[in-house]
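Input: a single structure, listed below in structure tokens.
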Amino acid sequence: MEKSQAECQAIIEDLEARLARQEQDLCQYRDQRHALETALEDLATHQEELRAQNEELRAARQFNESLVRRYAALFDGAPVGYCLISERRAIESANRKAGEMFECWSRDVEHKPLHLFIHPASHAALSRHLDKVFAGEAASDEIRVLGREGRELDCLVQSRPTPDAEGDDALSCLTTFIDISQRKQAERALADSELKFRNIFTLAPFGMMTLSKDGRLMETNEAAQRMLGLSALELRGMTYTDLLAPDITPTEARRLADGQPRPGWVDVFERELRGRGDRRLLTRVTFAVMPSNDGQSVEGLVIIEDMTERRDLEARFQHAAKLTLLGEMSASLAHEISQPLNIIRLKAEGALERLKRQGYDAERAERGFAAIEEQVVRLFEVISYMQGLSRRDTGAIQPFRVSRAIHAARTLIDKQFRDDNIALEVDDQLGDTEALGRQHQLEQVLVNILRNARDALLSTEGARIRVGEEPRVRIAAGLDDDGDHLRIMLSNNGPRVSEEVRRRMFDPFFTTKSGDQGTGLGLSISLGFINEMGGTITAENTDEGLAFNVLLPRVRQHRRTSPVEQTGRTAGQEAIAARTATSGERPHVLVVDDEEEAAREIAGFLEAIGYRVTVALNGQEALEVHVTDPARAVITDLRMPERDGHWLIDRLRAGEQAVFIIIITGQAARSTKELDRLRQRADALLRKPASLRDIVRHLRAGVPDVADEHRRAAG
């Protein structure tokens with residue numbers, strides 16, 4: 001029993017040992033199996049990678065083959081000639097375009113010397129070109145190609161060295177032939193054109209100059225130099241703005257500098273240019289914008305034509321026509337002058353007689369003096385119109401109320417119309433609407449048309465077609481439909497005109513009247529005036545008769561007023577007002593006029609409202625008073641004995657103390673420029689007969705009296 005247990009134990013241990021060995025073998029088998037599986041997996045991965053690489057290689061080979069075919073097609077079908085040149089200067093291969101240039105098949109040029117296809121005149125240039133390339137540098141030259149049939153082509157030849165497939169030491173170059181014959185022809189044509197333009201620019205009878213973008217003068221021709229009296233060297237250092245008169249805004253030069261106008265922009269306008277010294281000339285300027293040489297910027301081309309003589313001649317014609325009109329209207333003007341004088345005389349004599357017989361009646365005297373003042377104003381308007389009509393219009397263009405021009409024209413023509421029993425109807429809806437121009441010119445236009453209407457209505461044909469109907473002229477004025485223009489229509493029920501007359505009636509010297517009745521300049525000058533204002537004037541037949549339409553641009557009146565416009569004072573005048581208010585002293589005013597009675601009347605009125613006034617009868621006496629007792633304001637006439645008003649104003653302006661100057665003059669200015677210069681010399685300009693109220697209004701704006709300043713301070 002014990003033995004069998006021992007045997008059993010041994011058997012068990014032997015079994016356990018065998019089992020352990022089997023488990024160990026099993027583990028080793030598992031490891032080997034895992035390693036085998038891993039190896040199989042790696043093998044499968046490698047097989048997949050090999051398959052992918054094979055696919056990539058196949059695709060790459062196909063791509064390379066397609067590239068070879070594509071580049072071969074590109075090489076052979078390129079629009080430029082390609083040649084592969086060996087170091088021996090022979091053509092190894094050429095594409096189809098190169099063969100066309102050489103006038104033979106591309107295969108026929110292979111292994112031929114390149115010089116055979118080059119013009120002899122370009123052989124030296126080709127040798128230098130290839131020497132440079134085979135020295136290892138790229139090269140580019142213009143060379144003339146000579147085909148087998150004798151055709152010559154200008155070509156741009158570009159070459160670069162390339163390794164030869166035969167060996168590392170051998171060299172070849174790829175040469176490109178680009179046909180530039182058309183470009184060379186264009187360049188030659190451009191050079192010819194530039195030469196022609198240069199000749200035109202240099203020899204042109206009118207001034208020409210080119211500007212840089214910043215407005216500097218680059219080139220000027222001889223005509224411009226002659227017109228301005230400056231040399232080419234002097235002009236080259238100037239700007240376009242330097243040539244303009246000081247009161248001109250160089251809008252076109254600013255637009256050029258800002259790059260706003262595109263190349264091709266052209267504008268024509270009039271400019272006053274200044275040259276050497278005081279030389280000034282009125283010119284018509286054509287300002288054009290053109291691209292610069294680099295094509296990235298712009299330049300200006302300025303063409304100037306001297307219009308001084310032409311404008312002077314036109315002004316003489318216009319002035320002559322105005323004087324003719326003034327002479328024709330002398331009867332009406334004489335009536336307009338004699339009528340107020342008659343009323344003034346009757347009122348004055350009647351008042352004197354009543355004073356002698358009945359004594360002083362304050363209420364009746366006030367009415368009489370008011371009537372006299374009203375007639376003086378009426379007389380002043382007529383005299384002002386006569387002076388304006390006889391004056392050459394050379395002054396600045398400025399806004400004016402169109403209704404005033406219509407009223408003035410009606411006033412001047414009304415007497416003639418009433419004497420001839422012609423009804424004149426006016427429908428003015430413009431109110432304060434303004435146009436830009438010269439009021440006297442519009443008045444002359446209206447009077448010309450109205451007088452032509454009168455002559456037509458009184459003619460034999462005019463009386464025939466009316467058949468007993470009352471002759472009638474109508475003026476209708478109002479805003480146009482667009483709101484940006486105003487329209488004046490002058491119509492009558494007189495005879496109509498033929499189409500030929502209507503088409504030619506604005507031509508100079510064209511008239512349907514007899515030689516002693518018209519010059520043929522009235523409507524031509526009227527057209528010039530209206531065009532200068534930026535408007536139009538047309539004539540048309542209507543159901544009643546003939547009508548003239550005047551269309552003018554409207555001036556917008558919405559603007560901010562400056563502090564000077566709001567208060568009526570400058571900074572210096574405000575300082576004077578402040579001193580007056582704080583010191584309480586009466587401001588000293590100097591009245592200068594050789595008409596002592598008029599000076600005393602002004603002085604007495606100013607004394608009564610709070611000023612301290614001294615009267616002087618000429619400029620010399622006034623200056624002596626001012627030196628000892630400085631005046632805050634001077635009211636002066638211009639024409640006086642010994643020393644006149646101009647002399648006095650020059651001395652006052654040269655002094656250190658600011659003086660407020662009012663000019664009162666009856667002197668007629670010869671031109672509107674002269675009138676503008678008078679306005680610039682003084683703080684206020686009044687025309688005789690002057691109103692005391694106007695004098696005080698201007699004086700208080702510059703030198704207020706003590707009571708007025710106290711009222712302002714209290715307010």
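This one's a predicted model, so the numbers in the text were calculated from it and none came from an experiment. When a residue number appears, it is its place in the shown sequence, counting from 1.
The two residues I664 and D637 have their closest heavy-atom pair at O-OD1, 3.0 Å. Across F400 and L436, no two heavy atoms sit closer than the pair CE2-C, 4.2 Å. Taking each heavy atom of I695 and I662 in turn, the nearest pair found is O-CD1, 4.2 Å.
You'll find the side chain of L281 stays beyond 4.5 Å of the side chain of R274, heavy atoms only. Residues V302 and M208 form no side-chain contact, since every pair of their non-hydrogen atoms from C-beta on lies 4.5 Å or further apart. Two residues are said to be in side-chain contact when any heavy atoms from C-beta on lie closer than 4.5 Å; V426 and I406 meet this criterion. When side chains are defined from C-beta on, I488 counts as touching L490, because their heavy atoms get closer than 4.5 Å. Taking the side chain as every heavy atom from C-beta outward, E499 and N541 never approach each other to under 4.5 Å.
Enclosure of atom CD in E305 by more than 12 non-hydrogen atoms of other residues, nucleotides or ligands within 6.0 angstrom is indicated.
D414 and T411 share no donor-acceptor pair across their side chains, judged by distance under 3.5 Å alone.
Taking R404 as the reference, nothing meets the side chain to side chain donor-acceptor pair (under 3.5 Å) condition, with sequence neighbours excluded. With sequence neighbours excluded, the residues forming a salt bridge (charged side-chain N to carboxylate O under 4.0 Å, His left out) with R474 are E425, D427, listed by chain and number.
Remark: of the listed residues L430, L479, D484, L479 is the sole one forming a side chain to side chain contact (heavy atoms under 4.5 Å, CB included) with R554.
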